[in-house]
Number of protein chains: 2
Amino acid sequence: MDRREFTMSKKSNNKVLAGLERVGGFASAQELHLVLNRDSESIGLTTVYRALQSLVDANTVDILRKEDGEAIFRLCGASHHHHLVCKSCGKTVEIEGGVIEKWAEQAGAENGFREIGHTAEIFGICNAC
Amino acid sequence: MDRREFTMSKKSNNKVLAGLERVGGFASAQELHLVLNRDSESIGLTTVYRALQSLVDANTVDILRKEDGEAIFRLCGASHHHHLVCKSCGKTVEIEGGVIEKWAEQAGAENGFREIGHTAEIFGICNAC
DNA sequence: ATGAAAATGACAACCATTTTCATTTTGGGT
DNA sequence: ACCCAAAATGAAAATGGTTGTCATTTTCAT
């Protein structure tokens, strides 16, 4: 009877994915909620949170935290890079992170972990500040 | 009489530093507040937050975020390592991060940043889970 | 069409963090 | 020592992102 496994493409998940595509980069749950409703896509804030949560669980969406602790999301597969952020003015540079991937994979493997993921951010003061 | 010039060493900052030393690794503001008051160091939660803030500004303390967004703090200079955390059971392994130091330093230098710092954490599922 | 299960969303609850503000402490000038 | 202004403190209230609740709606297999 229950043959539904991974076919469940919840409507809300699709709406949220569409929103993330339109935004292109990172967006917070609340921003996403605004964007979606601005474009006559009626969807509740709670549902946006739930959709994001399930997309994160499904490894479709990445989550990371701004310095103030707010969660921001982006589509996985969007080229995986890291950020160099100026603590003073907020200027952000995208950094290639192949080294980090390897480091994380290796450290995980050495300790018998699977489904390895990682976060890595660099911060400092840019030359304009 | 008072020849300690510009040791603007606020009493609360010292209490908080002592707490961080005692804890040894990472601690949240609230944990710190508990620890301090448990040891008959009377200090308010608000003051703990303010002290941590000023210590972070003074580059005496590092701040990073747990996955749930809560801020955790540690003394700078406390042996610099990273964590491999099991998403399921919370088991944590300390990982050497020399590669990361170099990666961060280099990326910062290449982009004209100074006072480079970084965060990096690895997560996955441990073999017991 | 029908009933059960899943999904939805308005609203309330939660909780870490910040702000407010009244009070206390500190420290320099006299 | 004494004043007094500025800094520090902390209890309580406010803030704000996120999660829980629950009544209602939608989906879907029969």
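The figures here come from the full heavy-atom set of this structure, side chains too, leaving out hydrogens, waters and symmetry mates. Every chain is numbered from 1, with letters handed out A, B, ... down the list of sequences. Not measured: the values here are computed from a predicted model.
Aromatic ring centres of A/Y49 and A/H33: separated by at least 6.0 Å. Aromatic ring centres of B/H118 and B/W103: separated by at least 6.0 Å.
The side chain of A/E70 has D/dT18 as its nearest neighbour among C/dT17, D/dG10, D/dT18. Which of D/dT18, C/dG9, C/dA16 sits closest to the side chain of A/I43 comes down to C/dG9. Counting only heavy atoms from C-beta on, B/L45 has its side chain closest to C/dT17 among D/dT18, C/dT17, C/dG9.
Using a 4.0 Å heavy-atom distance criterion, B/S42 is classed as a sugar-phosphate-only contact.
For the pair A/G44 and B/G69, both in contact range of DNA chain C, the more 5′-proximal nearest nucleotide belongs to A/G44.
Under the 3.5 Å distance criterion, with hydrogens and angles disregarded, a donor-acceptor pair is assigned to the side chains of A/S54 and A/N13.
Whole-Å rounding puts the A/K66 NZ to D/dT18 P distance at 9 Å. Here the P atom of nucleotide D/dG17 and the CD atom of A/E67 are 17 Å apart, to the nearest Å. B/L32 has its CG atom 14 Å from the P atom of D/dG10, to the nearest Å. A/K15 has its NZ atom 14 Å from the P atom of C/dA7, to the nearest Å.
A side-chain donor-acceptor contact under 3.5 Å links B/H82 to the backbone of B/A120. Of the possible polar contacts, none joining the B/Q30 side chain to the B/L32 backbone as a donor-acceptor pair under 3.5 Å is found.
Evaluation of atom-type donor-acceptor distances gives a pair under 3.5 Å for the side chain of B/T46 against the base of D/dA11. In this model, a side-chain donor or acceptor of A/R50 finds a partner on the base of C/dG9 within 3.5 Å.
Both B/L17 and B/V56 are members of a single hydrophobic cluster when ILVMFWY side chains are connected at heavy-atom separations under 4.5 Å.
Taking a pair as Watson-Crick or G-U with both hydrogen-bonding distances under 3.5 Å, the stems of three or more pairs touching DNA chain D are C:1-30 with D:1-30.
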